[in-house]
Amino acid sequence: MATDDRGSDDDRVFKALADPTRRFLLDLLFARDGRTLTELESELEMTRFGVMKHLRVLEEAGLVVPRRSGREKLHFLNPVPIRLIHDRWIDKYTERQIAALVDLKTELEEKGKKDD
């Protein structure tokens with residue numbers, strides 16, 4: 001188990017993203033941000049309480065930010081935690097492949113200039 005805050009933040013994000021219903025809720029908010037619970041619930045075959053539980057997990061992971069607007073509670077997508085996961089877990093594993101492609105491109109361009 002992770003002992004630092006960054007690790008526990010990552011754990012919450014991974015847990016939130018592990019569920020297809022929560023990913024669907026994030027997709028809905030990506031398509032149109034600032035939805036109410038009623039709007040989100042109408043897109044799922046699930047009880048209001050079930051949707052609230054999923055939203056709570058997304059909020060705890062920092063992926064959804066609720067804001068009050070009058071009597072309504074609106075939900076907004078926060079893509080920052082996903083970006084942090086991407087930067088930490090994906091970028092570092094693709095860096096070598098990207099560098100190899102850049103080197104190959106440069107080599108082919110130089111070879112093409114010599115052939116002219």
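All values reported here derive from a predicted model rather than from experimental measurement.
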**OP:** Can you see which heavy atom on Pro81 is nearest to which on Gly62, and at what distance?
**Re:** CG-O, 3.5 Å

Subject >> Rounded distance (nearest 0.5 Å) linking atom CG of Asp33 with atom CG of Leu74 >> reply: 9.5 Å

Original post:
Can you check whether Val65's main-chain N or O pairs, donor with acceptor, with Asn78's side chain at less than 3.5 Å?
Top reply: no

Subject >> Spacing of Arg88 atom CZ and Asp9 atom CG [to the nearest 0.5 Å] >> reply: 10.0 Å

Subject >> Salt bridge flag under 4.0 Å for residues Arg12 and Glu60 >> reply: no

**OP:** Let me see the working for Lys53 and Arg56 under side chain to side chain contact (heavy atoms under 4.5 Å, CB included), right down to the final yes or no.
**Re:** CA-CA 5 Å; Lys53 285 175 62 176; Arg56 189 174 318 116; 4.0 Å; yes

Original post:
What is the distance from atom NE2 of His54 to atom CG of Leu26, rounded to the nearest 0.5 Å?
Top reply: 11.5 Å

Original post:
Do Val64 and Val57 sit in the same hydrophobic cluster, where Ile, Leu, Val, Met, Phe, Trp and Tyr count as joined when their side-chain heavy atoms come under 4.5 Å apart?
Top reply: no

Subject >> For the student: nearest non-hydrogen atoms of Phe76 and Leu29, plus distance >> reply: C-CD1, 4.4 Å

Original post:
Are Met46 and Phe49 linked, directly or through other ILVMFWY residues, by side chains that come within less than 4.5 angstrom of each other?
Top reply: no

**OP:** Could you check His75, Glu43, Glu72 and say which one makes a side chain to side chain contact (heavy atoms under 4.5 Å, CB included) with Arg35?
**Re:** Glu43

**OP:** I would like to know whether Glu41 and Thr36 meet side chain to side chain contact (heavy atoms under 4.5 Å, CB included); could you show each step before the answer?
**Re:** CA-CA 9 Å; Glu41 177 190 1; Thr36 64; over 6 Å; no

Original post:
Salt-bridged, Lys105 to Glu109, with N to O below 4.0 Å?
Top reply: yes

**OP:** May I ask you to decide whether Lys15 forms a salt bridge with Asp11, counting only side-chain N to carboxylate O separations under 4.0 Å?
**Re:** no

**OP:** Measure the spacing between CG of Leu108 and CG of Asp103 and express it to the nearest 0.5 Å.
**Re:** 11.0 Å

**OP:** Go through the steps to decide whether Arg48 and Leu37 satisfy the test side chain to side chain contact (heavy atoms under 4.5 Å, CB included), and finish with yes or no.
**Re:** CA-CA 8 Å; Arg48 185 175 186 83; Leu37 174 60; 3.5 Å; yes

**OP:** Mind checking the CG-CG spacing from Leu58 to Leu17? Nearest 0.5 Å is all I need.
**Re:** 8.0 Å

**OP:** Quick one: pull up CG in Leu63 and CG in Leu25 and give me the separation to the nearest 0.5 Å.
**Re:** 11.0 Å

Original post:
If every non-hydrogen atom of Pro66 is compared with every non-hydrogen atom of Lys73, which pair is closest and at what distance?
Top reply: CB-CE, 3.3 Å

Original post:
Is there a salt bridge (Lys or Arg N to Asp or Glu O under 4.0 Å) between Asp87 and Arg83 once you walk through the steps?
Top reply: CA-CA 6 Å; Asp87 292 349; Arg83 180 57 195 233; 2.8 Å; yes

Subject >> Closest approach of Phe24 to Leu44 (non-hydrogen atoms, all atoms of both residues) >> reply: CD2-CD2, 3.4 Å

